[in-house]
Amino acid sequence: MTHQTADVVILGGAVMGSSVACHLAQREDFSGRIIVVEADPSYEICASARSAASIRQQFSSAINIEISLYGIKYLREIGAQLAVDGNRPVIDLHEGGYLFLATPDKQHILQENHQLQQELGADIGFYDADGLVAKFPWLNTSDLAAGCHGLTGEGWFDGYGLMQAFRKKARSLGVDYFSRKAAIEREGAGYWSVRLPDGATVSTPIVVNCTGASGGADICRQAGIDVPIVPKKRCVFTFECRDDLAKFPLLIDPTGTYVRPEGTGYICGSAPPEDQDPDATDFDVDYGLFEEHIWPVLANRVPAFEAIKPGAAWAGTYDMNLFDHNAFLGGVAGVDGFYMALGFSGHGLQQSPAVGRGLSELIATGSYQTLDLTPLAFDRLAADRPIVEKNVV
């Protein structure tokens, strides 16, 4: 049995935990020891590895737009930001844009969102039905009134590559990674004891909970905090289409079903109805979701998709925040030295650069220094102050 000490212990070493560790280790005003504890060192089932990995500014809340505006800047500069010994990581960022589509009854929502996005500096184009046909001739617009397309700054990338780039950079800066599952308890005034299965313990004044769907709520309960975060399964399906559909974006149908290019084919998915969306207990693929809902929706929206060749599929989990589908970030009143970055509800990869930077600022200085992330603080739950995000996909 061994006992160690650290200045910060981060629980969860996928994209969010590694981003926090990397940003903190890069700060000139922080020189303490950082330990990251990751229960799945293979990263086989983490959300970072199984995500559709995309980034957008087409949100309806200012904080989410601002987070992703910084995120795209960071992703464009990732080679310089996360280079190790001259090796520059590549994440294959493709700025193909999101294309949100609206029926006449939802057109006003799209217009309101577009106005806010433009005010904050997002490069989003607004199109009526005729404009959509002119730009995307393969699109069925018979029931549409409008659409918004990200002209720059939106698209998709290699999420696993981003996670590994953060991790490699953090390790090069002296961050220690432990490949074990952890539990926590109060050790005494001002300290936490992080307990590992082999009996080893780590004493630290600061714990950061980034364990996501794999145990984020459990770690919070060990700290005496109840969070409305549960794991939800999401399936991703691949297919090929024989037609060449030029400049295909990440398309969001009014039903919420999405599709985007991936290599020479496409990937797609959709959230199941709420009454058919239990907490995830496995990674089994729901092929009926594709056959009964996703394919019919896509074939209606893009007639060329009536004839496709289905391919592989996989399932992953979201750490779903049932309160408002937005993350809980930062410290917790009355629980000294405990921080969280949980409940991203599918937005974790794109938000990881801004969140890593923000939490490193909060830990090192006591406050956010660049982008103020306090709108996402945990205290909004007790205050019943949800962030209303109209573009939940």
Would you say the side chains of [X] and [Y] form a donor-acceptor pair under 3.5 Å?
| X | Y | value |
| --- | --- | --- |
| S61 | E389 | yes |
| Y70 | E66 | no |
| Q351 | N64 | yes |
| Q111 | Q115 | no |
| E361 | T370 | yes |

Between [X] and [Y] (judged by ring centroids, cut-off 6.0 Å), do the two rings come close enough to count as a pair?
| X | Y | result |
| --- | --- | --- |
| F239 | F305 | yes |
| Y74 | F166 | yes |
| F237 | W295 | no |

For residues [X] and [Y], determine if any side-chain heavy atom of one lies less than 4.5 Å from a side-chain heavy atom of the other.
| X | Y | result |
| --- | --- | --- |
| D379 | R385 | yes |
| H94 | P261 | no |
| R27 | T365 | yes |
| I67 | H347 | no |
| V9 | I184 | no |
| R167 | V36 | no |

Option among L349, N321, I229, D319 that satisfies the side chain to side chain contact (heavy atoms under 4.5 Å, CB included) test with F344: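 Result for side chain to side chain contact (heavy atoms under 4.5 Å, CB included) with F344: D319.
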Face-on cation placement of R260 at Y258 ring, 6.0 Å and 45° thresholds: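 Geometry flag: not set, cation outside 6.0 Å or 45°.
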If we ignore hydrogens and angles and just use 3.5 Å, is the side chain of [X] paired with the main-chain N or O of [Y] as donor and acceptor?
| X | Y | value |
| --- | --- | --- |
| Q58 | Y98 | yes |
| E292 | F290 | no |
| W138 | A246 | yes |
| W314 | R50 | yes |

Partner of H114 under ring pair (Phe, Tyr, Trp, His ring centres under 6.0 Å), chosen from F100, F126, Y127, F59: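 For H114, the ring pair (Phe, Tyr, Trp, His ring centres under 6.0 Å) check succeeds only for F126.
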